[in-house]
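When reading the values below, keep in mind they use all heavy atoms of this one structure, side chains included, and skip hydrogens, waters and symmetry mates.
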Amino acid sequence: MLKLQKEIDRGATRICYEHPDTPNLCVKVYIDANKKLNEIQQEINIYKALKEQLAAYLCFYKNELVETDKGVGLVCELLRDDNGQISKPLISFKRPLTPEIIAQIHNFTDTLIKEKIYFYDFNIKNFAIQIKNGKPQLKYIDLKSYNKYKPWTYLHLEKIIPYLAQRALRQRIKKFYTLLKKYKYIE
């Protein structure tokens, strides 16, 4: 059992800790310790399904879950920059973003639309910028929103009608760009 001590960050549903034995890995543990194992395992399955199409934009995930003193956890790459520091989330990056990062954001969202990859959580905190070999690389760090659209209806028609899923994805991406402009990440 891993004893998790160094908290890196926390979101609405999970806390991310530095792996106690391997500093280039992190362990994501759900705040709700009663989360079903199959729901936690689903994120690993999402990574496996999408790693080829989104390779540049995803962190590496280990294939198994681990027992920790905080509950069951996912083990994945801890993004570190060339200087060994933990990579910064997009939200804390200098504004406006460089043309290189903006191009990566466009490429990421274009890939989602073209490949019909339905992520719906475009919170700015779900992105990080890793500096490797002196170059910035956009990373999407929250796979749990894949195919999880929270519609205003209970029918979830977007799961059976591709047009509705694509439309919902485009709307979320549009809101994301609006936020980026509002907070002056892009002009």
Of all heavy-atom pairs between [X] and [Y], which one has the smallest distance, and what is that distance?
X    : Y    : result
K125 : I91  : CG-CD1, 4.0 Å
V29  : G73  : CG2-CA, 4.2 Å
P20  : L4   : CD-CD2, 3.8 Å
Q53  : T111 : O-CG2, 4.0 Å
I129 : D81  : O-OD1, 3.8 Å
L2   : H19  : CD1-NE2, 3.5 Å

Between [X] and [Y], is there shared hydrophobic-cluster membership here, with clusters defined by ILVMFWY side-chain heavy atoms closer than 4.5 Å?
X    : Y    : answer
F122 : L58  : yes
I124 : I173 : yes
L37  : Y30  : yes
I40  : I15  : no
I8   : L25  : no

| task | Could you walk me through whether I113 and Q166 pass the side chain to side chain contact (heavy atoms under 4.5 Å, CB included) test, one step at a time? | result | CA-CA 7 Å; I113 292 167; Q166 189 81 335; 3.4 Å; yes

Ring geometry between [Y] and [X] (parallel below 30°, tilted from 30 to 60°, perpendicular above 60°):
X    : Y    : answer
Y185 : Y183 : perpendicular
Y177 : H106 : parallel
F108 : F127 : perpendicular

Is any side-chain heavy atom of [X] closer than 4.5 Å to a side-chain heavy atom of [Y]?
X   : Y    : answer
L78 : N24  : no
L54 : F119 : yes
K62 : E64  : yes

Rounded to the nearest 0.5 Å, how far does [atom2] of [Y] lie from [atom1] of [X]?
X    : Y    : atom1 : atom2 : answer
I131 : S87  : CD1   : OG    : 7.0 Å
D121 : L143 : CG    : CG    : 11.0 Å
Y118 : L164 : OH    : CG    : 10.0 Å
L112 : Y146 : CG    : OH    : 10.0 Å
L138 : Y57  : CG    : OH    : 6.5 Å
T98  : F93  : OG1   : CZ    : 7.5 Å

| query | How about K132: does its NZ atom have over 12 heavy atoms from other parts shown lying under 6.0 Å from it? | reply |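 Enclosed.
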
| Is the CD atom of E187 crowded by more than 12 outside heavy atoms at less than 6.0 Å? |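 Open: at most 12 neighbouring heavy atoms sit under 6.0 Å from CD of E187.
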
Whether [X] side chain and [Y] backbone form a donor-acceptor pair below 3.5 Å:
X    : Y    : value
N133 : K135 : no
Q130 : R80  : yes
D82  : G134 : yes
Q137 : A56  : yes

| task | Among K28, K48, E77, find the one that has a side-chain hydrogen bond (donor to acceptor under 3.5 Å, both in side chains) with Y61. | result |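 Answer to the side-chain hydrogen bond (donor to acceptor under 3.5 Å, both in side chains) test with Y61 among K28, K48, E77: K28.
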
| query | Please walk me through it: do T13 and D32 pass side chain to side chain contact (heavy atoms under 4.5 Å, CB included)? | reply | CA-CA 7 Å; T13 59; D32 176 4; over 6 Å; no

| said: Assess the residue pair Y163 and R167 against the criterion (side chain to side chain contact (heavy atoms under 4.5 Å, CB included)); give the C-alpha distance rounded to whole Å, side-chain angles, the decisive distance to 0.1 Å, and a yes or no. | reply: CA-CA 6 Å; Y163 167 78; R167 183 172 171 227; 3.8 Å; yes

| message | Between L180 and I105, does the side chain to side chain contact (heavy atoms under 4.5 Å, CB included) criterion hold? Intermediate values first, please. | response | CA-CA 10 Å; L180 289 175; I105 291 170; 4.2 Å; yes

| message | Between T68 and Y17, do the side chains contain a donor N or O and an acceptor N or O under 3.5 Å apart? | response |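 No, T68 and Y17 have no side-chain donor paired with an acceptor closer than 3.5 Å.
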
| Between K70 and E7, does a salt bridge (Lys or Arg N to Asp or Glu O under 4.0 Å) hold up when you go through it step by step? | CA-CA 11 Å; K70 313 278 192 228; E7 185 178 320; over 6 Å; no

| said: Less than 4.0 angstrom from a charged side-chain N to a carboxylate O is my criterion; do D142 and R14 meet it? | reply: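 Looking at R14 together with D142, the answer is yes, because their closest N to O distance falls below 4.0 Å.
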
